[in-house]
Every structure is written in C-alpha cells, then in structure tokens.
Amino acid sequence: IVTWTAIIDGYLKFNLVDEAFKLFHDCIKHGVQVNSRMFVCVMNLCGKRLDLELGKQIHAYVLKRNWRNLIVDSAVVHFYAKCGKISSAFRTFDRMADRDVICWTTMITACSQQGLGHEALLMLSQMLGDGFFPNEYTICGALKACGENKALKFGTQLHGAIVKKICKSDAFIGTSLVDMYAKCGEIVNSKKVFDRLRIRNTATWTSIISGYARNGFGEEAINFFRLMKRKKVHVNKLTIVSVVMACGTINAPLIGREVHAHIIKSFMHTNMYIGSTLVWFYCKCKEYSHAFKVLQLMPLRDVVSWTAIISGCARLGLESEALEFLQGMVEEGVLPN
RNA sequence: AUACGAUAACGAUUGU
C-alpha cells in the first residue's frame, strides 16, 4: 500500500491524472488493502478530475468504514470546494471533530476562490477566535478575499501584520499583496510593494501588469511587460492576456500586433482566453477583419469569445454581422447568456 | 530516513 500510494501521489503531483486513475484501479484489482492515506490521494485525484460522482462514492465509503481523520476530512473539504460544491464543503467542515490551521485555511481559500470574500474573512476571524495561528497560506487566501471585496482597510492591516512577520513572506504573499492593492484601486501602493519585493515571479509580474491595465494605465502595463521580458522572466498565457488588454484599453493596435506575433511564435494562439481577448482587442481598435480572422482560427470558442465579436460589431455599427455571429454561435451549440 | 491535506496573477456584456 505504501508503494501504490507513493506512485499514485507522484503521478498526481505531475498532473498525470489519467495514469494515476488507472493505477488506482490496478491497486484495487490487486486486492491491496487501502487505507486512509490512499483515500486522501484518491480524493485529490477526484478533485483534479472534477469527478464529483467518484468523490462522493469515496466519501461515502470513508464515512461507512469510519476512516475519517483530520487529514482525510480536510481532503474531502478541499475536494468539494474544488468541484464548486461549497455547501458540501461547509457541511463536511462543520462536522469535523478536530480542526487545525490547514483545514481552516482550506475553507477560507475555498470561499475566496468562489467569490465569497465576505465569508472568507468571517472564517478567518472565527479561526483566530478559536486560537489558531494563520500561516502564509491563510494570509494568502485572506488577501485574495480582500481584493475581491475591495476591503482595503483589512487588506492594509494584513499587510502590516506581514511586515511584522506574522507569517513568512514568499512569492505567493508578495503577489497577493500586489494584487490586493491593485484590485482595491491602489495602484501606487501596489507598485510600492512590487518594488520592495525580494522575490518576484511570473505571477507577480502579471499581477502588476493586469493591475495597471485594469486601472486604466495601459502604457505602464506595457512598460512593465517590456521590462519583464528584458529581465528574462518567463511570460505565460495569463501575462499575455493582461498585456493584450492593456493594448486594448489605450487603443494601441501596433503594439498589440507585436504581441500577437509573439503569441503565434510561442504557440499560444490556440488558447481560448488569449483568442477571446485578441478578438476584443481588435474590435476595440476598430480592426474588424483581424478580429474576425482570429475568431475563425480559434479551435474552441465559448460564449465569451462570441460575445467579444458580437459586442465588438455592435460597437462598430456592424449590426447585421453581429446578428450573423449570434446565429453562428447558436449553430455551433453555444448558448447565449 | 520510504506514501497523505490547504495558498497568488488572465478573457466578453452591464450605453457617453
């Protein structure tokens, strides 16, 4: 069982989910007696596959055989949260006999990821009231909640606590702070934090870029993108989306086209988020034919991609095209919202 | 001294 758990967990850590799933089947087929550690792995597996049914079955089995413990329950909470079943996550959490900082953090993070920032911050104060000490994972989740809720006051208090070393300050904490200030509209403070960080990674740079873009400072966003490349920081698809948005907000078709070339060179053009953003960008810059071409070449289109072209056409006065796209969207099986 | 739980950044629409 040790060997099976080790190999399954190893596959999961590398996101080889199907292989891990197959190994779990093999493990059962070999008649190996599973234990609670294996269940934790399998709950993770279900979470990664978003396989609610299998997860529920495993959960029922765990309950029936009384294989529960703090870690198993934590994994179950995390699983439900990952599948978007926040009330099931809460139910499991509420029934836990023991709690620790990790399961509290799991709930706090789950809430902030589902856009329940207020609940996340309530959970944090409950956790503190129960005498648990937050760590950097907890603070990260709380900062995200502050950003979502524009809770600048509390976010600033957390920042103060971080300066006073309430937890270790890693790239996650730094990025969360940069992002929190930016989402609260405090781009100056966001940049101040960014400048003082010792560790910055792709997410940190993307946060400051999207922060500038969101707050209407497209030029600055683009400058940071250039600096990022000069410093040879890895650029990923999230970075690209933010930069293209920056180009759109200030109507910079030439720079956007450069970025588009970069996208194609680095094989990122098949990504749906990037495609949709490019469609929006070209419409914004009144380059309808480019927008259309990007949309046509996208391997997958969802309601957001179609809305980008439809609203773009509407804005450009291309009413009949807008209606044709609506029809094309429905014919492709995408439902309008 | 061998296996298990939690963390950050991205897209459309909401009239100037």
Side-chain angles (χ1 to χ4, degrees), chain A residues 1-10 12-13 34-45 47 69-79 81-82 89 93 100-110 112-113 134-145 147 167-168 170-180 182-183 190 200-211 213-214 236-246 248 268 271-281 283-284 295 301-312 314-315 329 336-337:
Chain A
I1 184 63
V2 174
T3 323
W4 283 102
T5 314
I7 189 73
I8 291 172
D9 190 56
L12 282 181
K13 290 234 153 70
V34 291
N35 61 15
S36 53
R37 288 191 180 205
M38 178 58 93
F39 283 124
V40 172
C41 274
V42 178
M43 287 314 294
N44 277 338
L45 173 69
N69 65 34
L70 178 59
I71 295 181
V72 172
D73 282 348
S74 265
V76 171
V77 170
H78 184 228
F79 158 75
K82 212 157 186 208
F93 179 80
D100 66 358
V101 61
I102 295 187
C103 72
W104 274 103
T105 303
T106 305
M107 270 322 298
I108 292 168
T109 306
S112 49
Q113 284 171 342
N135 62 21
E136 67 275 18
Y137 287 70
T138 325
I139 301 298
C140 221
L143 284 171
K144 185 180 168 75
C167 63
K168 88 166 193 239
D170 58 8
F172 281 76
I173 288 288
T175 304
S176 301
L177 278 173
V178 168
D179 196 56
M180 183 276 292
K183 288 205 169 113
S190 178
R200 303 185 195 99
N201 61 20
T202 301
T204 324
W205 283 89
T206 304
S207 281
I208 193 83
I209 291 170
S210 72
R214 200 180 312 114
N236 68 13
K237 56 189 180 12
L238 280 74
T239 322
I240 291 294
V241 169
S242 305
V243 177
V244 175
M245 293 198 69
M268 292 197 274
N271 179 270
M272 189 161 65
Y273 277 35
I274 292 180
S276 303
T277 310
L278 280 171
V279 169
W280 169 83
F281 157 77
C283 287
K284 185 87 201 316
L295 185 86
R301 294 174 278 256
D302 69 358
V303 64
V304 175
S305 330
W306 285 102
T307 306
I309 193 87
I310 293 169
S311 61
R315 201 182 282 272
M329 164 177 148
N337 63 15

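Keep in mind that this is a model prediction, so the values were computed, not measured. All chains are named by letter (A, B, ...) in the order of the sequence lines, taking the proteins before the strands, and each is independently numbered beginning at 1.
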Engineer: Is there a side-chain contact between A:Lys82 and the phosphate of B:A6, meaning an N or O under 4.0 Å from OP1 or OP2?
Structural biologist: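 Checking B:A6 against A:Lys82, no side-chain N or O comes under 4.0 Å of OP1 or OP2.
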Engineer: Is any side-chain nitrogen or oxygen of A:Gln113 closer than 4.0 Å to OP1 or OP2 of B:A6?
Structural biologist: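 The answer is no; no side-chain N or O of A:Gln113 sits under 4.0 Å from OP1 or OP2.
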Engineer: Between B:U16 and B:A12, how far apart are the two P atoms, rounded to whole Å?
Structural biologist: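 15 Å, rounded to whole Å.
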Engineer: Cut-off 3.5 Å, side chains only: do A:Asp179 and A:Ser176 have a donor facing an acceptor?
Structural biologist: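 No, no side-chain donor-acceptor contact under 3.5 Å.
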Engineer: Just call it for A:Ala6: base, sugar-phosphate, or nothing, with non-hydrogen atoms closer than 4.0 Å on any strand.
Structural biologist: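 Answer is sugar-phosphate: A:Ala6 comes under 4.0 Å of backbone atoms only.
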Engineer: Would one find a side-chain N or O of A:Lys237 under 4.0 angstrom from OP1 or OP2 of B:A9?
Structural biologist: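 No.
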Engineer: If you go through the side-chain atoms of A:Ser74, does one of them form a donor-acceptor pair with the base of B:G5 closer than 3.5 Å?
Structural biologist: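 Such a pair is found, so the answer is yes.
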Engineer: Specify the separation, in whole Å, of atom CE of A:Met107 and atom P of B:A6.
Structural biologist: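 From A:Met107 CE to B:A6 P: 15 Å.
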Engineer: Can you name the nearest heavy-atom pair linking A:Val243 to A:Ile209, along with the distance?
Structural biologist: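 In this case the closest contact between A:Val243 and A:Ile209 is CG2-CG2, 4.0 Å.
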Engineer: Counting just side-chain N and O atoms, does A:Lys144 come under 4.0 Å of either OP1 or OP2 of B:A6?
Structural biologist: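 No, no such contact exists.
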Engineer: Using side-chain heavy atoms (C-beta onward) and a distance below 4.5 Å, is A:Ser210 in contact with A:Met245?
Structural biologist: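 Result no, sub-4.5 Å side-chain heavy-atom pair not found.
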Engineer: By the 4.0 Å heavy-atom rule, please label A:Thr138 as base, sugar-phosphate, or nothing.
Structural biologist: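 Nothing, no heavy atom under 4.0 Å.
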Engineer: What is the distance, to the nearest angstrom, from the CZ atom on A:Phe172 to the P atom on B:U7?
Structural biologist: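 After rounding, the gap between these two atoms is 8 Å.
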Engineer: Provide, to the nearest angstrom, the distance between the CD1 atom belonging to A:Ile310 and the C1' atom belonging to B:U13.
Structural biologist: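 Between C1' of B:U13 and CD1 of A:Ile310: 10 Å.
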Engineer: Do A:Thr239 and A:Thr206 have a side chain donor and acceptor closer than 3.5 Å?
Structural biologist: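 Yes, a side-chain donor-acceptor pair sits under 3.5 Å.
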Engineer: Starting at NZ of A:Lys168 and ending at P of B:A8, how long is that distance when rounded to a whole Å?
Structural biologist: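 Rounding to the nearest Å, NZ of A:Lys168 and P of B:A8 are 15 Å apart.
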Engineer: Base, sugar-phosphate or nothing for A:Lys183? Non-hydrogen atoms, less than 4.0 Å.
Structural biologist: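 Counting heavy atoms under 4.0 Å across all strands, the contact made by A:Lys183 is with sugar-phosphate only.
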Engineer: Pick base, sugar-phosphate or nothing for A:Lys284, based on heavy-atom distances below 4.0 Å to the nucleic acid.
Structural biologist: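 No contact at all - A:Lys284 keeps every heavy atom at 4.0 Å or more from the nucleic acid.
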Engineer: Using a 4.0 Å heavy-atom cut-off, does A:Asn236 contact any base of the nucleic acid, only the sugar-phosphate backbone, or nothing at all?
Structural biologist: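 It contacts base atoms.
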Engineer: Check this one for me: any side-chain N or O of A:Trp306 less than 4.0 Å away from OP1 or OP2 of B:U13?
Structural biologist: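 Answer no for this pair, as no side-chain N or O of A:Trp306 is under 4.0 Å from OP1 or OP2.
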Engineer: Applying the side-chain contact (heavy atoms from CB on, under 4.5 Å) criterion to A:Cys103, which one of A:Val76, A:Val77, A:Leu70 satisfies it?
Structural biologist: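 Among A:Val76, A:Val77, A:Leu70, the one that satisfies the side-chain contact (heavy atoms from CB on, under 4.5 Å) with A:Cys103 is A:Leu70.
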Engineer: Does A:Ala171 reach a base, just sugar-phosphate, or nothing at all? Heavy atoms under 4.0 Å.
Structural biologist: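 It contacts base atoms.
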Engineer: Measure from CH2 on A:Trp104 to C1' on B:G5 and round the result to the nearest Å.
Structural biologist: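 Atom-to-atom, A:Trp104 to B:G5, this comes out as 17 Å.
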Engineer: Determine the contact category for A:Met43: base if any of its heavy atoms lies under 4.0 Å from a base atom, sugar-phosphate if only primed atoms, P, OP1 or OP2 are that close, otherwise nothing.
Structural biologist: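 Here A:Met43 touches no strand at all.
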Engineer: Do any side-chain nitrogens or oxygens of A:Arg214 fall under 4.0 Å of OP1 or OP2 in B:C10?
Structural biologist: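 Looking at the OP1 and OP2 atoms of B:C10, one of them is under 4.0 Å from a side-chain N or O of A:Arg214.
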Engineer: Base, sugar-phosphate, or nothing: which does A:Thr106 touch, judged by heavy atoms less than 4.0 Å apart?
Structural biologist: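 Sugar-phosphate, backbone atoms only, no base.
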Engineer: Base, sugar-phosphate alone, or nothing: which one does A:Thr175 contact when heavy atoms must sit under 4.0 Å apart?
Structural biologist: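 Touches a base.
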